[in-house]
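Notes for the one structure printed next.
Counting convention: from 1, in listed order, for ligands and their atoms alike.
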Amino acid sequence: MSYAYRFKYIIIGDTGVGKSCLLLKFTDKRFQAVHDLTIGVEFGAKTITIDNKPIKLQIWDTAGQESFRSVTRSYYRGRAGTLLVYDITRRETFNHLASWLEEARQHASENMTTMLIGNKCDLEDKRTVSTEEGEQFAREHGLIFMEASAKTAHNVEEAFVETAATIYKRIQDGVVDEANEPGITPGPFGGKDASSSQQRRGCCG
Ligand SMILES: Nc1nc2c(ncn2[C@@H]2O[C@H](COP(=O)(O)OP(=O)(O)OP(=O)(O)O)[C@@H](O)[C@H]2O)c(=O)[nH]1
């Protein structure tokens, strides 16, 4: 299927926060109750619609375990979007966010769009990180923010789509130059010029 753009994402965050479950829910609408430790990197893809245009998302889900860090580090390059995930029931996963961001900023494009996800929001009674703390961290570091649940699907689709919508808007606004971002690939009928000429055709048509 043709697409207007292809965006590459990477999902990062501590082990067990639910990175693989968020991806599985987004691509397959399934939830896995057992912690299936990611070894290195896994991959998923799905096409969504932004501004009436098909956008293909290619998503690399990385292992959160420290021992895989040298492998996963090499996957930052050429990504347009990062989903940085913590677990609202495990405060240490929130405390590690700054070091994850530091690593992303060292290895990724400076134009990377990052979505902070406070996952497992179905476990309200076990919550140790408040929504306000998540919002504040996101505000201070220039990130988009959502709380989500890979179990109930709350905000899962929204998190992936909102990240793409932000990247798309930054291309349209000229903040991100698609020609210089390997994480963004215009499709056969896509690209900023093509979409604006399509809009012109629409107006005259
Ligand atoms: N209640 C609840 N449990 C979740 C949620 N998301 C993930 N889990 C559980 O948390 C555990 C870890 O989920 P994974 O998706 O395997 O975690 P991960 O971040 O990919 O872990 P690594 O592969 O080690 O980096 C599993 O037992 C999941 O069932 C959620 O939204 N709510």
Side-chain angles (χ1 to χ4, degrees), residues 7-46 48 57-79 81-108 112-135 137-138 141 143-163:
F7 295 160
K8 292 182 180 176
Y9 284 10
I10 185 172
I11 314 183
I12 58 172
D14 278 9
T15 183
V17 295
K19 299 181 295 299
S20 301
C21 285
L22 286 164
L23 180 58
L24 191 66
K25 185 61 102 181
F26 177 60
T27 56
D28 282 17
K29 298 194 171 13
R30 285 192 291 129
F31 178 70
Q32 189 165 302
V34 184
H35 183 184
D36 188 4
L37 203 77
T38 303
I39 307 294
V41 173
E42 283 166 9
F43 178 80
K46 185 171 167 176
I48 59 167
L57 302 183
Q58 292 187 324
I59 305 144
W60 280 262
D61 164 32
T62 64
Q65 280 216 330
E66 184 68 41
S67 51
F68 294 110
R69 209 54 60 80
S70 59
V71 181
T72 58
R73 222 170 258 144
S74 59
Y75 284 84
Y76 284 103
R77 200 157 297 121
R79 306 289 167 252
T82 300
L83 305 187
L84 171 57
V85 186
Y86 67 96
D87 176 345
I88 66 150
T89 72
R90 282 166 56 218
R91 191 152 192 102
E92 73 274 18
T93 67
F94 180 75
N95 294 341
H96 294 156
L97 289 178
S99 69
W100 279 110
L101 265 189
E102 175 61 30
E103 176 148 305
R105 290 199 165 136
Q106 266 177 29
H107 298 279
M112 179 90 103
T113 296
T114 303
M115 163 72 76
L116 177 64
I117 302 178
N119 190 39
K120 308 198 187 179
C121 72
D122 55 291
L123 300 175
E124 190 57 47
D125 53 338
K126 296 205 176 85
R127 177 191 282 276
T128 57
V129 184
S130 70
T131 306
E132 292 69 31
E133 285 175 291
E135 281 169 351
F137 185 92
H141 294 87
L143 318 174
I144 329 165
F145 172 67
M146 275 185 196
E147 286 191 343
S149 167
K151 188 172 182 181
T152 66
H154 177 73
N155 271 348
V156 173
E157 180 94 12
E158 288 81 350
F160 285 87
V161 171
E162 180 71 23
T163 307

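- Residue N119 touches ligand 1 through its side chain alone, judged by heavy-atom distances below 4.0 Å.
- Here the protein heavy atom with the shortest distance to atom 18 (P) of ligand 1 is K19 N, 3.5 Å.
- Each of the following atoms of ligand 1 lies closer than 4.0 Å to a heavy atom of K151: 1 (N), 30 (C), 31 (O), 32 (N).
- The environment of NZ in K151 is sparse: at most 12 heavy-atom neighbours from other residues, nucleotides or ligands sit within 6.0 Å.
- The two residues F94 and G134 come nearest to each other via the heavy atoms CE1-CA, 4.1 Å.
- In this structure, the protein non-hydrogen atom closest to atom 14 (P) of ligand 1 is G18 CA, 3.7 Å.
- The shortest N or O to N or O distance between G16 and ligand 1 is below 3.5 Å.
- Between D87 and K120 a salt bridge is recorded (basic side-chain N to carboxylate O distance below 4.0 Å).
- Close approach of ligand 1 to L123 is summarised as follows: ligand atoms under 4.0 Å from at least one heavy atom of the residue are 1 (N).
- Considering backbone and side-chain atoms together, D61 places no N or O closer than 3.5 Å to any N or O of ligand 1.
- Side-chain contact, T93 with D14: no donor N or O sits under 3.5 Å from an acceptor N or O.
- Not a single N or O atom of G13, backbone or side chain, sits closer than 3.5 Å to an N or O atom of ligand 1.
- Contact record, K19 with I12: CD-C, 3.4 Å, taken as the closest heavy-atom pair.
- Shortest contact from atom 16 (O) of ligand 1 to any protein heavy atom: H35 CD2, 3.1 Å.
- The protein heavy atom nearest to atom 27 (O) of ligand 1 is A33 O, 2.7 Å.
- For ligand 1 and A63, the ligand atoms under 4.0 Å from any heavy atom of the residue are 25 (O).
- Here A150 has heavy atoms under 4.0 Å from ligand 1 in both its backbone and its side chain.
- Near S149, meaning under 4.0 Å from one of its heavy atoms, ligand 1 places the atoms 31 (O).
- When only non-hydrogen protein atoms are considered, atom 29 (O) of ligand 1 lies nearest to Q32 O, 2.7 Å.
- The shortest contact between atom 15 (O) of ligand 1 and any protein heavy atom is with C21 N, 2.9 Å.
- For atom 9 (C) of ligand 1, the closest non-hydrogen atom on the protein side is K120 NZ, 3.9 Å.
- The protein heavy-atom contact nearest to atom 1 (N) of ligand 1 is D122 OD2, 2.9 Å.
- No side-chain donor-acceptor contact under 3.5 Å links T113 and T163.
- Side chain of S130 to backbone of E133: a donor-acceptor contact under 3.5 angstrom is found.
- Ligand 1 has a nitrogen or oxygen under 3.5 angstrom from a nitrogen or oxygen of G64.
- Of the possible polar contacts, one joining the N155 side chain to the E147 backbone as a donor-acceptor pair under 3.5 Å is found.
- A salt bridge is absent between R105 and E102: the closest approach of a Lys/Arg side-chain nitrogen to an acidic carboxylate oxygen does not fall below 4.0 angstrom.
- Considering backbone and side-chain N/O atoms, T15 comes within less than 3.5 Å of an N/O atom of ligand 1.
- Here's the thing with V17: one of its N/O atoms is less than 3.5 angstrom from an N/O atom of ligand 1.
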Walk me through it: do S20 and D61 pass the test side chain to side chain donor-acceptor pair (under 3.5 Å)?
CA-CA 6 Å; S20 301; D61 164 32; 2.7 Å; yes
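- In this structure, R91 places its CZ atom where more than 12 heavy-atom neighbours from other residues, nucleotides or ligands lie under 6.0 Å away.
- In this structure a side-chain-to-backbone donor-acceptor pair under 3.5 Å is present from Y9 to F160.
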